[in-house]
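Report on one structure; see the data block that follows.
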Amino acid sequence: MIRLAGKSVYKGIAMGPIVVMKKNESQVKRMKVEDIQAELARLQTGIEASQAQLGKLYEKALKEVGEASAAIFEVHQMMLEDEDYVEAITAMISDESVNAEYAVAQTGDNFAEMFASMDDEYMKARAADVKDISNRLIQNLMGTAEIDFSEIEPSIICAEDLTPSETVQMDKEKILGFVTIHGSANSHTSILARMMNIPALIGVPMDLEKLENGTKAIVDGMTGEVIFEPTGMVSQDAQKKIAQEQEKLRLLQELKGKDNVTKSGRHINVYANIGGVKDVSYVLDNDAGGIGLFRSEFLYLGRDDFPTEEEQFQAYKTVLQTMGKKKVIIRTLDIGADKKVDYFNLGEEENPALGYRAIRICLKQPDIFKTQLRALLRASNHGNLSIMYPMIISVDEVKKIYEIVNEVAAELDEEGIPYKIPEQGIMIETPASVMVSDELAQLVDFFSIGSNDLTQYTLAIDRQNERLSDFCDTHHPAILRMIQMVIDNAHKYGKWAGICGELGGDLELTETFVKMGIDELSVSPSTILPLRKKIRETE
Ligand code: PEP
Ligand code: MG
């Protein structure tokens, strides 16, 4: 039995097998091998694993997108069987006594170059395919291949850290908990854990190389501990705690259908934060009054190209229709900083959190922005939509946004496509926007305070840097005074103000926010009912 301590970001408890996610080492190293036969056998196992994955991908694609799109996986299977390709790899391993990964990488590059230099357009295009199959084979050899969630039973995910693009691809039904070596309480892994009601620990000093898939573990978000290979007694205790947790959740269910009203009769809107269409089920399950933050950038993550206007329209429409008359606030894309997407070609930056991100990308590359706005304006016809713009620092930005919205509306008019311009608000997540919130309030319909970024920029503390967590006082008076200022300025001009950052779900501050005059709190779905309970207990 091994006990390790970390920082808990969601206080649940779970027990089950682990799945270890190893980082994908992009650098393949040349190594000398003594046992050529063993290396050739390893290559064969890697090829078989890759063939099996491709076979499954073919079946899945066939069902979901049809024969024409699925055919590519058949082509990849054939290329993996190609005699010239396999012989070139085995010859390199035998003649030069090198490791299989290196031989595959070299052969993959040589073949790709050869294809790329051909005159025939079809053959040219095969260069990308040979690279793709070589990468798959290398990942299988290194043991860093993506996890096939359809194959595993519900598990505890152990990883160094998880990027938003990694979590977005996970089958949420299969996750019992998260345990990571890095990460911070405001990182998106933590946000996801809170949404799903599953325990998560960050900052756990585990050795991923020594952990094996399938090992039994307990993640205890209440004590902040993960226990690998627990003894029978420890497992029994955990089982009891899991039962108590379930009882607590059952009692909270009794609050469903009740109002979020203080003892003196003040009503607060309690909404939920989501990252995708599938998350709407968590919103309804927890009886939220609406969606206060739909992080639309999740539609852009974990894929190779921009989502089309139609794909976005369908996603927004589904959410709006499912929510009926309830308010749905969709934030326009907030790519950049920790949410990296290759096809945006954003390049490396010294300080990504202070860099080219969110509304800055939208204003500089209006084509990307317009596609999203078209989808939003069209979807607005199908429910109670509000749009919200992230990372605003000035009045000028809002004016530029409105110009673009008007251009989009004029284009839709011209094309005879039905649409509606919905309520438009902004996120207050930079100190600059707080300081000019009196002017901004005259321009927009509402404010939603993004306390995660507002805290990072006000305290000069990188929200991803776990080494700074001791310095990160989320109740810092500077933040609380800023929130008061924003609420007052909104009310001065008859607008409403809410909080959609993680602070909104901090129950120690609920009473303070109510006293400040907050109109709305948008929190992870798992916090909806505990927050309702807290509001109802507040004077
Ligand atoms: C915030 O910054 O508080 C916020 C809600 O946005 P995100 O966490 O997606 O940056
Ligand atoms: Mg933010």
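Indexing begins at 1, ligand by ligand and atom by atom, following the structure's order.
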Using distance alone, determine whether E297 and ligand 1 share an N or O pair under 3.5 Å. no

Output the atom name for the N/O/S atom of E429 with the smallest distance to the Mg ion (ligand 2). OE1

Ligand 1 contact on R331 by region, counting heavy-atom pairs under 4.0 Å: side chain

Let me know which of K492, H491, Q484 forms a side chain to side chain donor-acceptor pair (under 3.5 Å) with D488. Q484

Show me which atoms of ligand 1 lie under 4.0 Å from any heavy atom of R463. 2 (O), 7 (P), 8 (O), 10 (O)

For the pair K174 and S155, evaluate side-chain contact (heavy atoms from CB on, under 4.5 Å) and give the outcome as yes or no after the intermediate values. CA-CA 6 Å; K174 297 288 179 76; S155 302; over 6 Å; no

Look at the aromatic rings of F306 and Y300 and report parallel, tilted or perpendicular, splitting at 30° and 60°. perpendicular

Show me which atoms of ligand 1 lie under 4.0 Å from any heavy atom of M427. 4 (C), 5 (C), 6 (O)

Answer yes or no: does an N/O atom from E502 fall short of 3.5 Å to an N/O atom of ligand 1? no

Of Y419, Y316, F313, the residue whose pairing with H382 passes ring pair (Phe, Tyr, Trp, His ring centres under 6.0 Å): F313

Sole residue of K340, R331, R357 in salt bridge (Lys or Arg N to Asp or Glu O under 4.0 Å) with E297: R331

Looking only at N, O or S atoms, which one in D453 sits nearest to the Mg ion (ligand 2)? OD2

So, do M391 and M427 sit near enough that their side-chain heavy atoms are less than 4.5 Å apart? no

Please report whether ligand 1 has a polar contact with S451, defined as an N or O pair separated by less than 3.5 Å (distance criterion only). yes

Out of R357, K339, R295, whose heavy atom is nearest to atom 5 (C) of ligand 1? R295

In ligand 1, the atoms that come under 4.0 Å of a heavy atom of L293 are 5 (C)

Using a strict 4.0 Å cut-off to heavy atoms of G501, name the atoms of ligand 1 that fall inside it. 3 (O), 5 (C)

Let me check your reading of the structure: within less than 2.8 Å of the Mg ion (ligand 2), is there an N/O/S atom from D334? no

Taking side chain as C-beta onward, heavy atoms only, is P422 less than 4.5 Å from S386? no

What are the two closest non-hydrogen atoms of Y343 and R303, and how far apart are they? CE2-O, 3.4 Å

